Trainee: 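Shown below is the structure under consideration.
Note that the structure is a prediction, hence the values are computed from the model and not measured. Here is how names work: the chains are called A, B, and so on, in the same order as the sequence lines, proteins then strands, and each is numbered from 1.
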Amino acid sequence: MSFSERMLKIDRRIIFLMIGLCTLLPLLYPVGLPIKISSEVRGVYDHIESLPERSVFLLSIDFDPASKPELYPQAIALLRHAFRKHLRVVTMTLWVSGTGMADQLVTQVAKEMGKEYGTDYAFLGWSPGGQAVIINMGQDLYSAFPSDYSGKSTKDLPVLDGVRSLKDVGYMVSLGAGRPGVEEWYVFGKDKYKFELGGGCTGVMAPGLYPLLRSGQINGLIGGLRGAAEYENLIGQKGKAVAGMDAQSATHLAIIALVIMCNLFYFSLRQQRG
Amino acid sequence: MERKPSSRGRTLRSSKGHERREGEGVRSRLRRFSIGFGWFFLQLIVCASNLVPLDTLAQTSISAPHDVRVFDTPSDGGGSLTVQWAPSSWDGPDARYQVLAGDAAVTDPAALTIIAEFPANSKYVKDAKTAWWTRNVDKTWHQVLVRSAKGFEVKDGTSYAVAVATVQGDQRVFSPVLVASPSPDWFNWNQLNNLIIALSFGGLVFYSISYAKRHEIFLRRIPGLDAVDEAIGRATELGKPILYLTGAHDLHDPSTIAAAVILGKVAKRAALYETELLVPHREPITMAVCQEITKQAYLEAGKPDLFKEDANFFITADQFSYTAAVDGIMLRKKPAANFFMGAYFAESLLLTETGASTGAIQIAGTDSDHQLPFFVTTCDYTLIGEELYAASAYLSKEPVQIGTLLGQDIGKVVVLSAIGIGIVLATVGAVTGEQWPQLFLDLFRDLK
Amino acid sequence: MIFLRRQLPLLITLVTGLLFAAQYYVPHPASEQMLTSATKWLQIVGGFALILGVTSLFHQHAVKIRRQEAGWGYSLVLYVGMLGTIAVGLWTNGKESVEGTMTAFGWVYNYMMVPLQGTMFAILAFFIASAAYRSFRAKSREAAVLLVAAVIVMMGRVPLGEYLIPLSGDVSSWILNVLNSSVRRAILIGVSLGAVALSFKIIFGVERSYLGGGKE
Amino acid sequence: MTALPFESIIGAWVATGLTLLIFSFLYKDNPLFKLAEHLYVGVSVGYVIVKTYDTVIIHLVVKPIVENGEIALLIPVAIGMLMLTRYVPKAAWMSRYAFAFIVGMGAGLAIPRTVSSFILKQVEDTIRPLLSMAGSDGVTFSMNLLNPASHLNAIIILLGVSSVLFYFFFSIEHSGVGKAVARTGILFLMISFGAGFGYTVMARMSLLIGRLTDLIEFSDASYGRPTVWLSLLTVGALFLLARRGREQPPDIH
């Protein structure tokens with residue numbers, strides 16, 4: 001067995017250990033490298049900046065705990081920004097297993113920013129049907145969500161004053177980890193009800209949403225943890241995403257090194273065999 | 001100083017005139033759409049001759065807005081009136097327009113409520129996304145919609161008086177008061193192109209299906225399929241089994257159906273070469289169907305005695321337990337060929353990596369585009385997206401599948417030619433400033 | 001009977017399909033009202049579909065426990081987890097928090113479901129790393145192009161990469177915004193044509209696998 | 001600093017323990033992982049059932065009917081019930097009505113919306129003029145690669161869209177000029193998959209970072225350092241299991 005062959009056959013648990021360390025060490029000893037802001041993320045930020053006070057901002061938290069590390073920081077940064085701009089924040093989720101997380105997230109940020117439930121923000125909870133919920137909200141918001149998460153009648157919430165359907169929403173951002181997510185909000189929502197739409201998504205989804213970004217169907221895109229870190233930088237309030245960027249850097253370089261080594265060994269092996 | 005409006009008689013006449021125009025709307029729009037280009041070209045020349053140059057920003061004294069029209073907004077759900085008027089020579093940021101509305105009985109425009117006020121060089125027809133087949137005036141005209149707002153409600157079936165005023169400094173000049181009533185419509189003419197595209201594509205698909213039933217249709221060779229034979233051949237040489245996975249979804253997913261069809265072909269080859277076949281499943285119903293398919297394949301190969309019931313077996317529905325079990329099979333039995341067809345999620349990498357480490361030839365086919373990068377790098381051949389369906393159509397020879405494929409191909413040709421012609425016309429339009437390329441480009445715009 | 005079992009469902013599909021496709025082009029309030037009611041219904045039916053989706057597990061694991069098949073203990077754990085969660089959930093009216101304080105149901109969610117689901121996918125990070133080393137080989141020109149693009153994007157999307165090779169940020173942004181966009185656009189158009197074709201086939205009863213095999 | 005509430009401390013121990021049980025899969029598929037995995041499936045199914053009951057039955061159906069008398073809502077309930085006849089073999093065919101309704105409506109809703117959102121919108125955005133008139137400069141062609149809307153990029157996007165669409169033609173043989181176009185399409189596809197690959201790596205690493213951040217938080221003394229103790233426990237258990245496994249003959253399947 002040649003050297004290359006032996007190297008390629010090493011126990012994969014050694015690599016597991018290496019990746020574990022590459023993640024753990026930067027988390028324990030952060031460096032804090034600067035983060036450049038991309039135009040995709042700026043699109044969402046600028047739009048929220050341009051909204052007048054008390055505009056309605058709808059945030060749909062369309063993910064579950066499996067994508068929490070990527071999308072939770074995005075949601076926190078967006079909510080902080082919206083609360084700081086004194087927008088009326090309405091939140092909801094289309095993913096049943098994300099309900100508890102969304103509730104906790106909204107309550108936590110609202111408490112931190114000193115906002116009051118009902119007048120400054122609301123959490124509508126979850127409703128089944130995905131696309132059906134979106135269309136129904138576009139037709140009549142109170143039909144899709146007759147009551148909010150805690151069971152209060154949505155018609156009595158002052159935060160929804162003057163809002164009858166999605167048409168009255170100033171800005172809507174869907175943080176999607178799959179289906180239903182950003183695409184569904186366009187097809188079944190914005191296509192007909194004409195509100196301004198922004199997107200946030202996991203890294204896996206991000207490349208697939210670029211055609212919608214290019215055609216202006218969404219006016220901005222926050223992609224993965226990196227997108228969240230950019231947003232945290234934009235609002236000047238660093239959180240978990242910025243803290244994770246060093247570890248992200250380390251693991252990416254480790255993976256690149258592994259890919260290069262893999263190919264070096266592979267080609268030397270091929271040469272040996274002729 | 002305010003000037004009083006002209007006679008009420010003229011108002012009524014013009015509103016009646018609009019009713020007539022609305023009644024004719026359906027037929028005339030259809031005719032316009034079908035006669036299309038020639039007619040519109042003529043119209044354009046006529047309009048162009050009326051064009052007033054916008055850049056002559058003169059400080060001449062203002063006059064009442066002319067050619068004002070008020071009518072029910074077409075193609076809407078009701079509750080709205082459209083007001084249009086011709087541009088003037090003094091349209092500029094200094095002058096302003098006011099749109100006023102109120103009860104139909106009001107004859108004095110000064111008594112109407114101000115609905116909108118804006119600089120005279122804004123709110124044009126071209127700002128609203130409309131197509132030429134619904135536009136009744138030139139793009140340079142002004143257009144404002146009168147809708148319900150705070151303190152003013154617009155109800156269907158009620159008549160309203162509407163006027164437009166020009167304001168400059170403390171000068172205000174009114175147009176005549178016009179009367180119209182809003183009503184809901186039964187068709188959104190802006191979406192006519194959408195309807196035509198949807199219907200003609202649907203028709204095309206059914207036509208090509210029926211065509212495929214009557215004729216032989218050529219489908220191109222798919223390289224991944226050729227590799228299937230090669231892989232099975234190698235497994236036979238080495239005397240090792242073949243592993244075939246049908247993906248994570250059940251038979252409701254077209255990709256699983258395609259995987260089952262391709263399994264038929266693989267099983268037939270395996271039977272001919274007398275090579276062992278292993279098909280671990282995640283879904284009991286898919287397993288039962290695949291068992292039938294495998295049995296049939298062995299029959300067709302003339303080797304029914306070699307068929308084993310337990311070639312298809314159920315492991316578990318849980319994603320990672322299933323993956324671990326399949327990885328275990330790969331490590332123990334060292335199959336010489338691994339097939340991954342159908343829908344896959346995060347488990348794809350765990351499967352193909354183990355397969356690659358055992359040195360098997362790996363062939364994948366999936367429409368799960370998020371997993372395709374991993375299949376491409378770890379497998380020897382990958383059927384990408386629609387290639388999976390094409391492979392299945394190619395093997396099953398079913399006219400419905402082949403016909404659909406043909407229909408979609410023609411659809412793609414249409415899209416490609418639209419893009420090609422569109423880009424040429426758009427460039428010509430951009431360079432020459434001509435309007436006529438828009439006649440074609442509007443056909444492929446999403447309008448509401 | 002054949003009409004009730006086979007043709008009527010196809011007729012229902014045909015009528016609802018055509019009705020709701022046509023609705024899109026009709027702005028009249030009557031048609032909008034129909035859409036509002038029907039989507040509300042769809043929402044409620046969606047809830048039932050969700051239950052239908054998860055209950056196939058009940059059966060599968062119940063059989064395992066009854067027959068005491070290999071690993072039936074795990075199925076028992078599954079049942080205990082499920083019944084426990086349901087009991088706690090009903091007791092707290094299905095609310096994770098009341099007035100900002102966590103309920104027992106919230107506790108199960110936050111300290112069991114969240115870490116379990118989160119970690120399930122986090123282990124993939126390790127497998128990607130090992131696959132990167134063992135199998136991401138430039139076997140062909142295509143795979144080589146893929147790997148080069150991947151390396152550029154991996155560099156360009158993290159601060160350290162941009163710091164080491166400043167150009168990588170711009171190049172990866174160009175790849176994503178231009179090259180990647182164009183490909184995804186073509187795929188999107190192709191897939192959409194396929195989806196429209198499938199929808200037509202479903203409405204007109206050419207494609208009926210959704211009705212399920214079942215006994216006639 | 002105030003002491004943490006008791007349920008948070010217990011919660012931290014449970015969460016850490018379950019996280020480590022799942023991570024034990026990295027060593028190999030083992031009973032600890034299987035236990036955690038089945039618990040995960042059980043808890044999430046239970047959660048979905050509770051949420052669906054609360055949202056659908058209570059808030060979307062019972063309340064509106066009782067409080068506002070919206071009797072029409074019994075229709076979707078009936079449709080939903082029909083769906084559940086799947087479990088009664090003799091009546092299973094009735095579930096077809098429910099599926100016919102859902103699938104038919106889904107297909108109907110999808111057709112016009114897909115045409116407008118994904119076909120028209122995407123075609124519309126691809127059709128861009130390749131030259132423009134910029135004031136006094138006359139005809140201009142912008143070469144800036146970094147601006148996605150530049151003319152050069154419009155050409156590249158055109159090239160990508162058409163070659164990839166061509167690659168997915170199945171009724172034409174890829175030969176001659178077609179071969180060259182299809183090869184270009186493949187190259188474009190591979191670059192896009194590369195981007196997807198890079199982004200997926202990023203996503204998976206982020207998930208790991210998220211989990212480890214939680215574990216670091218739970219290694220704090222205020223929780224009683226569950227991370228440290230439970231890690232030791234898990235490793236010990238794996239060691240024991242491995243030893244026991246060696247004494248027994250390996251299982252076949």
Side-chain angles (χ1 to χ4, degrees), chain A residues 13 16 19-20 22-24 26-28 39 64 66-70 72-73 96-97 99-100 125-128 131-132 135 145-147 151 183 186-188 190-192 202-208 210-217 223-226 228 240-241 243-244 247-248 251-252 255, chain D residues 23 26-28 44 47-48 50-52 54-56 58-60 63-64 67-68 70 102 105-106 109-110 112-114 116-118 121-126 146-149 153 157 161 192-216:
Chain A
R13 280 169 281 204
F16 291 170
I19 282 298
C22 278
T23 321
L24 200 59
L27 282 178
L28 294 172
S39 58
D64 58 6
S67 314
K68 186 182 168 190
E70 285 184 276
Y72 200 85
V96 57
S97 42
T99 322
W126 165 78
S127 199
Q131 59 188 51
I135 300 180
F145 286 98
S147 50
E183 278 188 16
Y186 183 84
V187 179
F188 299 100
K190 186 181 170 182
D191 176 64
K192 181 166 175 189
T202 60
V204 182
M205 305 284 300
Y210 271 84
L212 275 74
L213 184 70
R214 288 274 61 81
S215 56
Q217 286 167 288
L225 192 65
R226 160 69 189 241
K240 279 193 173 168
Q248 192 89 51
T251 48
H252 277 209
I255 299 274
Chain D
F23 272 138
L26 294 173
Y27 173 70
K28 67 176 197 187
S44 32
Y47 185 82
V48 170
V50 171
K51 277 283 154 201
T52 312
D54 179 52
T55 310
V56 180
I58 304 293
H59 286 107
L60 287 179
K63 259 189 165 180
E67 288 173 10
N68 309 330
E70 294 176 36
I102 297 183
M105 192 168 159
L109 290 175
R113 288 171 175 83
T114 311
S116 90
S117 314
F118 292 152
K121 270 281 179 192
Q122 294 299 324
V123 169
E124 184 186 332
D125 188 61
T126 313
L146 289 179
N147 172 14
N153 281 332
I157 289 184
V161 170
S192 168
F193 288 158
F197 184 109
Y199 246 117
T200 308
V201 169
M202 179 171 126
R204 304 293 188 225
M205 295 302 151
S206 307
L207 297 188
L208 178 61
I209 292 167
R211 289 317 302 150
L212 290 190
T213 311
D214 281 4
L215 284 185
I216 291 172

Trainee: Give the member of D:Gly106, D:Ser192, D:Ser116 that has the highest number of heavy-atom pairs under 4.5 Å with chain A.
Mentor: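 Looking at each of D:Gly106, D:Ser192, D:Ser116 in turn, D:Ser116 comes out on top.
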
Trainee: Would the distance check show the side chain of A:Glu70 and the main-chain N or O of A:Gly203 forming a donor-acceptor pair, the cut-off being under 3.5 Å?
Mentor: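 Answer holds: yes.
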
Trainee: For A:Ala206, is it the side chain, the backbone, both or neither that has a heavy atom under 4.5 Å from a heavy atom of chain D?
Mentor: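 For A:Ala206, the contact with chain D is made by the side chain alone.
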
Trainee: Chain A heavy atoms under 4.5 Å from D:Thr52: which part of the residue, side chain, backbone, both or neither?
Mentor: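 Both backbone and side chain.
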
Trainee: Do D:Thr55 and A:Phe145 come close enough that some side-chain heavy atom pair is under 4.5 Å?
Mentor: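 Heavy-atom side-chain distance check fails, nothing below 4.5 Å.
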
Trainee: Counting N and O atoms only, with roles assigned by atom type, does the side chain of D:His59 sit under 3.5 Å from a partner on the main chain of A:Ser147, one being a donor and the other an acceptor?
Mentor: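 It does not hold such a pair.
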
Trainee: Check whether D:Asn68 gets within reach of chain A through its side chain, its backbone, both or neither, counting any heavy atom under 4.5 Å.
Mentor: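 No part of D:Asn68 comes within 4.5 Å of chain A.
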
Trainee: Top residue by heavy-atom pair count (under 4.5 Å) with chain A, among D:Pro64, D:Pro148, D:Ala110, D:Gly196?
Mentor: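 It is D:Pro148.
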
Trainee: Do A:Ile255 and D:Met205 have side-chain heavy atoms sitting under 4.5 Å apart?
Mentor: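 Yes - at least one pair of side-chain heavy atoms lies under 4.5 Å apart.
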
Trainee: Does the side chain of A:Gln248 come within less than 4.5 Å of A:Arg226's, by heavy atoms?
Mentor: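 No, their side chains stay 4.5 Å or more apart.
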
Trainee: Contact between A:Gln217 and D:Gln122 at the side-chain level, heavy atoms closer than 4.5 Å - yes or no?
Mentor: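 Side chain of A:Gln217 against side chain of D:Gln122, heavy atoms only: contact under 4.5 Å found.
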
Trainee: Name the region of A:Ser39, side chain, backbone, both or neither, that has any atom closer than 4.5 Å to a heavy atom of chain D.
Mentor: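 Nothing of A:Ser39, per the 4.5 Å heavy-atom cut-off to chain D.
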
Trainee: Taking every heavy-atom pair that is under 4.5 Å apart, which of D:Lys51, D:Glu70, D:Lys28 has the most such pairs with chain A?
Mentor: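 Looking at each option in turn, the highest pair count goes to D:Lys51.
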
Trainee: Please state whether the side chain, the backbone, both or neither of A:Ile135 comes within less than 4.5 Å of a heavy atom of chain D.
Mentor: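 It is the side chain, since no backbone atom gets that close.
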
Trainee: In terms of heavy-atom proximity below 4.5 Å to chain D, should A:Arg214 be classed as side chain, backbone, both, or neither?
Mentor: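 For A:Arg214, backbone and side chain are both near chain D.
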
Trainee: Measure A:Ala243 against the heavy atoms of chain D and call it side chain, backbone, both or neither at under 4.5 Å.
Mentor: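 A:Ala243 has no heavy atom closer than 4.5 Å to chain D.
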
Trainee: Considering only heavy atoms, which portion of A:Tyr210 lies under 4.5 Å from any heavy atom of chain D: side chain, backbone, both, or neither?
Mentor: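 Contact with chain D involves the side chain of A:Tyr210 alone.
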
Trainee: Using the six-membered ring of A:Tyr186, assess whether NZ or CZ of A:Lys190 lies under 6.0 Å from its centre and within 45 degrees of the ring axis.
Mentor: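 Geometry flag: not set, cation outside 6.0 Å or 45°.
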
Trainee: Which atoms of D:Thr213 come close to chain A, meaning under 4.5 Å heavy atom to heavy atom: side chain ones, backbone ones, both, or neither?
Mentor: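 Looking at D:Thr213, backbone and side chain both touch chain A.
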
Trainee: Is the closest side-chain heavy-atom distance between A:Val204 and D:Arg204 below 4.5 Å?
Mentor: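 They are in contact (side-chain heavy atoms under 4.5 Å apart), so the answer is yes.
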
Trainee: Determine the option with the most heavy-atom pairs under 4.5 angstrom with chain D, choosing from A:Ile19, A:Leu24, A:Thr202.
Mentor: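 So the answer, after comparing A:Ile19, A:Leu24, A:Thr202, is A:Leu24.
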
Trainee: Heavy-atom cut-off 4.5 Å, strictly under: side chain, backbone, both or neither for D:Ile216 against chain A?
Mentor: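 The side chain, not the backbone.
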
Trainee: Decide whether a cation-pi geometry holds between D:Arg113 and A:Phe188; the criteria are a distance under 6.0 Å from NZ or CZ to the six-membered ring centre and an angle within 45° of the ring axis.
Mentor: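 D:Arg113 over A:Phe188 ring: no.
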
